[in-house]
A.B. asks: 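Shown below is the structure under consideration.
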Amino acid sequence: MINAMAEGLGRSDQAVDATGLADREWMIHSVESMLRQAFPTLIIVGSQASIYFNEACRALLPLSASQGGAFGDMAPSLCSQMGAAVAAAWAGEAGTTDDIGLHIDRPECARETWVTAAVTPIARDGKVHAVLCVLRDVTEEKGLRARLATAESTLDSLATLAPLFLWRLDTRGVIRWMNDRCQTYLGVNLPQARSEGWTGWLHPAERDRIIADWGRAVTLAKPFESRHRLRSAGGVYRWFTIRALPQFDEHGDLFEWHSAALEVLDAENAAPERRLLWTVDAADWTRRFLNIDTQTAWPGDRPSAMPWSDQLAAVLEEDRPAFRAALETLMTGEAAEAAYRVRDRSGSLLSVEDTAFPLIEPDGTISRFVGESRIRTQAGKTVLLIDPARRGCQVRCALESDEVRVDVTGALDQTLRTRTGVQTVVYCSDSTVADILRATEVVGRELPDVPLVILGDPLATPREVIALHNSGVVDLLSYGDTDETHIAAIRAHCTLSNDNKDLSIPGRATKQALARLSQREREILEHAVSGGTSKTIGRLLGLSPRTVDYHRGKALDKLGMRSVSQAEDLFTPDQPYPRGATRRRQ
């Protein structure tokens, strides 16, 4: 390369004086070491812009021309993108050109190559004799930067969408970062959280316990978990489940904590809700779920990925236009929201609210979408439809269109007792008195205190109708009645059922308190309030006294109480504790 450049310089001018020859010899030797370095290097010489290059440059581009060719002819794309930097170098100014995109046709395949160029003038006595261009292949680096930017954008979107309060804390417990949802609830920004700390968000009754537990976790570098209250910006305390995990570096040293808080919803006042986080590839619209768990009712078989055809099939036909409109909005590069209904594999109707954001690459293309689905039962009222002969399809459709959740079964047997949350039972009879009486017997045994509505047209005498009502039938509906009549009657019995349940608990504040307890904890605490001891409660429920003590203590801890006597106002026992047990204060 050096020799070829020297020959080109010798032919560049026919008449060259001794000074010019000395300058050129100096220039050749001064750049010789640089030309032999590993980086691809170009030398642009003379007014005709001839270029010389080393083998590394030939391997990168690759250049098939011989040394000394015109820059614009040998590498036109590179010449055009470096034109401004080269012109500035001839004026004596060094510079750098980033992200030069080149389409390289190689024997094995064509590929896009990205390079950066450091352009330096070579001058002597104030005169620029040549321009040195050192190239660097940044194709892989640019791909890594793009993937890193996409990952950061994905994490930011997930932190915004997730129904969680997220923190990052240093080894001492000082907050480094918190997501927007957390800042909005607490009414603080990140600088305030760093300076004021997080202990002020705790309920006074739980503060000492939480600080002590957190201190032990920090000392031992062990995961931390607690269930306690956090104060909102309005001064209201709500219950949360908080977890924190220690993060270790490659040497095994603790360097920070990651923490998340999930609000414990009041089951009496809020509809059951599941939240799914997902991503969608723009190429095939496959929805990939990030947090599928065993409690999710949709998708029915809980897959980690859901094809586009299955998504569309699950959406009710009348809601598909809104579903498609949201997708069209996403394709334009804007965030979108959609509300629609789906039916899970058991046939239950669920309402879904989607929020999604597009992830836009540096070149302006959309690679994928990140979103959240909030899934709820279609209505707060649940009707169990027992339909052995499949004659109640029209009633089911009418109830669901009126936003009543309908569970369907064809069996009139002991499996009814496994149904939870049922407010009214509708039995589609064969219109005979004997069949209806059999249904009242089974439902009364398996689902006591749940209203039973009969759908049928029995040929019954007045005496038989009275007998049906005495056996537990609260209403007789005809198959020939209108949908409005069916809906009004069944809804009325759902409302009556709710009213009766409300009378069994003193008030709303009590329901909110008891909603924090599991069924086992509530049952044991109720027996303890009635005067039961650990032994008598354990004998009644088939548990060991130690297990009873554990659940009772956990229930009191959740309620923020120290003794059973403080929980007496939460229950109104009908009778003293059975078997002659003496009442004992805990």
A.B. asks: Looking at Arg438, I'd like to know if its CZ atom is crowded, meaning that more than 12 non-hydrogen atoms belonging to other residues, nucleotides or ligands lie closer than 6.0 Å.
C.D. replies: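 Open.
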A.B. asks: Heavy-atom distance under 4.5 Å between the side chains of Ile537 and Leu543, does that happen here?
C.D. replies: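 The answer is no; the side chains never approach within 4.5 Å.
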A.B. asks: Please tell me if the side chains of Arg288 and Asp281 come closer than 4.5 Å, counting only heavy atoms from C-beta onward.
C.D. replies: yes
A.B. asks: Which pair of non-hydrogen atoms, one from Tyr185 and one from Leu230, has the smallest distance, and what is that distance?
C.D. replies: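 Closest heavy-atom pair between Tyr185 and Leu230: OH-O, 2.8 Å.
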A.B. asks: Once you round to the nearest 0.5 Å, how far does CG of Leu525 lie from NZ of Lys554?
C.D. replies: 14.0 Å
A.B. asks: Between Ser431 and Asp457, is there a side-chain donor-acceptor contact under 3.5 Å, judged purely by atom types and distance?
C.D. replies: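 Side chains of Asp457 and Ser431: no pair found under 3.5 Å.
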A.B. asks: Closer than 3.5 angstrom, by distance alone: can the side chain of Arg320 be matched with the main-chain N or O of Val315 as a donor-acceptor pair?
C.D. replies: yes
A.B. asks: A quick test of your reading: do over 12 heavy atoms of other residues, nucleotides or ligands sit less than 6.0 Å from OH of Tyr550?
C.D. replies: no
A.B. asks: Side-chain contact test, heavy atoms from C-beta onward, threshold under 4.5 Å: evaluate it for Arg368 versus Val280 and give yes or no.
C.D. replies: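 The answer is no; the side chains never approach within 4.5 Å.
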A.B. asks: Sequence neighbours excluded, which residues qualify as salt bridge (Lys or Arg N to Asp or Glu O under 4.0 Å) partners of Asp319?
C.D. replies: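 Once residues adjacent in sequence are excluded, the partners of Asp319 under the salt bridge (Lys or Arg N to Asp or Glu O under 4.0 Å) criterion are Arg341.
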A.B. asks: Using 0.5 Å steps for rounding, measure from the CD1 atom of Ile210 to the NE2 atom of His228.
C.D. replies: 4.5 Å
A.B. asks: Any side-chain to backbone donor/acceptor pair from Thr286 onto Met306? Under 3.5 Å, distance only.
C.D. replies: no
A.B. asks: Measure the shortest side-chain to side-chain distance between Leu447 and Leu384 over non-hydrogen atoms and say whether it is less than 4.5 angstrom.
C.D. replies: yes
A.B. asks: Who passes salt bridge (Lys or Arg N to Asp or Glu O under 4.0 Å) against Arg238, sequence neighbours left out?
C.D. replies: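 Salt bridge (Lys or Arg N to Asp or Glu O under 4.0 Å) list for Arg238, sorted by chain: Glu263.
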A.B. asks: For the side chain of Arg231 and the backbone of Gly200, is there at least one donor-acceptor N/O pair under 3.5 Å apart?
C.D. replies: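 Confirmed, Arg231 side chain pairs with Gly200 backbone.
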A.B. asks: Within a 6.0 Å radius of atom CD on Gln394, are there more than 12 heavy atoms belonging to other residues, nucleotides or ligands?
C.D. replies: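 Counting other residues, nucleotides and ligands, CD of Gln394 stays at 12 neighbours or fewer.
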A.B. asks: By salt bridge (Lys or Arg N to Asp or Glu O under 4.0 Å), which residues pair with Asp387, not counting sequence neighbours?
C.D. replies: none
A.B. asks: Nearest 0.5 Å, what's the CD-OG distance between Glu225 and Ser259?
C.D. replies: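 Answer rounded to 0.5 Å: 11.0 Å.
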A.B. asks: Would you call Leu164 and Arg181 a side-chain contact if the rule is heavy atoms closer than 4.5 Å?
C.D. replies: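 Side-chain contact under 4.5 Å: no.
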A.B. asks: Does the plane of the ring in Phe240 sit parallel, tilted or perpendicular to the ring in Phe165? Use 30° and 60° as the thresholds.
C.D. replies: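 Plane angle between 30° and 60°, so tilted.
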A.B. asks: Are the charged groups of Arg546 and Asp549 less than 4.0 angstrom apart, N to O?
C.D. replies: no
A.B. asks: Side chain to side chain contact (heavy atoms under 4.5 Å, CB included), that's the test. Do Arg396 and Val426 meet it? Break it down for me.
C.D. replies: CA-CA 10 Å; Arg396 171 184 177 176; Val426 178; over 6 Å; no
A.B. asks: Of all the heavy-atom pairs spanning Pro307 and Ala305, show the shortest one and how long it is.
C.D. replies: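 Taking every non-hydrogen atom into account, CD-O, 4.0 Å.
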A.B. asks: Return the set of residues passing side-chain hydrogen bond (donor to acceptor under 3.5 Å, both in side chains) with Thr432 (not counting sequence neighbours), or none when no residue passes.
C.D. replies: Asp430
A.B. asks: Please give me the minimum heavy-atom distance between Trp278 and Thr355, naming the atom from each residue.
C.D. replies: CZ2-O, 4.5 Å
A.B. asks: What distance do Arg229 atom CZ and Glu206 atom CD have between them, rounded to the nearest 0.5 Å?
C.D. replies: 4.0 Å
A.B. asks: To the nearest 0.5 angstrom, please state how far the CG atom of Leu350 sits from the CZ atom of Arg374.
C.D. replies: 14.5 Å
A.B. asks: Rounded to the nearest 0.5 Å, how far does CG of Leu399 lie from CD1 of Ile490?
C.D. replies: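 That separation rounds to 4.5 Å.
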A.B. asks: For Glu318, I'd like to know if atom CD has over 12 heavy atoms of other residues, nucleotides or ligands within 6.0 Å.
C.D. replies: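 More than 12 within 6.0 Å, yes.
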A.B. asks: So do Asp435 and Tyr427 actually touch side chain to side chain, heavy atoms under 4.5 Å?
C.D. replies: yes
A.B. asks: List the atom of Ile175, the atom of Trp167, and the distance in Å for their closest heavy-atom pair.
C.D. replies: CD1-CD1, 3.8 Å
A.B. asks: Which pair of heavy atoms, one from Ser471 and one from Leu437, lies closest together, and at what distance?
C.D. replies: OG-CD2, 3.9 Å
A.B. asks: Is any NZ, NE, NH1 or NH2 atom of the basic residue among Arg287 and Asp310 found under 4.0 Å from an Asp or Glu carboxylate oxygen of the other?
C.D. replies: no
A.B. asks: Determine whether Trp285 and Leu312 satisfy the following criterion, side chain to side chain contact (heavy atoms under 4.5 Å, CB included), listing intermediate values before the conclusion.
C.D. replies: CA-CA 11 Å; Trp285 288 97; Leu312 197 60; over 6 Å; no
A.B. asks: Testing the basics here: between Ala193 and Val188, what is the closest heavy-atom pair and its distance to 0.1 Å?
C.D. replies: CB-CG2, 4.4 Å
A.B. asks: Among all residues two or more places apart in sequence or in another chain, which pass the ring-ring contact (aromatic ring centres under 6.0 Å, His included) test with Tyr479?
C.D. replies: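 In terms of ring-ring contact (aromatic ring centres under 6.0 Å, His included), with neighbours along the sequence ignored, Tyr479 is linked to no residue.
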A.B. asks: Are Trp308 and Asp284 packed together at the side-chain level, in the sense that at least one heavy-atom pair is separated by less than 4.5 angstrom?
C.D. replies: no
A.B. asks: Assess whether a salt bridge exists between Glu523 and Arg520, defined as any Lys/Arg side-chain N lying under 4.0 Å from an Asp/Glu carboxylate O.
C.D. replies: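 Yes.
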A.B. asks: Hey, is the main chain of Glu353 close enough, under 3.5 Å, to the side chain of Glu337 for a donor-acceptor pair?
C.D. replies: no
A.B. asks: If the test is side chain to side chain contact (heavy atoms under 4.5 Å, CB included), which one of Leu327, Leu359, Leu330 qualifies with Phe369?
C.D. replies: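 Looking at Leu327, Leu359, Leu330, the match for Phe369 under the side chain to side chain contact (heavy atoms under 4.5 Å, CB included) is Leu330.
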A.B. asks: Just one of Val450, Val425, Val443 clears the side chain to side chain contact (heavy atoms under 4.5 Å, CB included) bar with Leu416, so which one?
C.D. replies: Val443
A.B. asks: My understanding is that only residues two or more places apart in sequence, or in another chain, count here; which of them pass side chain to side chain contact (heavy atoms under 4.5 Å, CB included) with Pro321?
C.D. replies: none
A.B. asks: I want to check something: taking the side chain as every heavy atom from C-beta on, are His527 and Thr536 in contact at a cut-off of under 4.5 Å?
C.D. replies: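 His527 does not reach Thr536 side chain to side chain.
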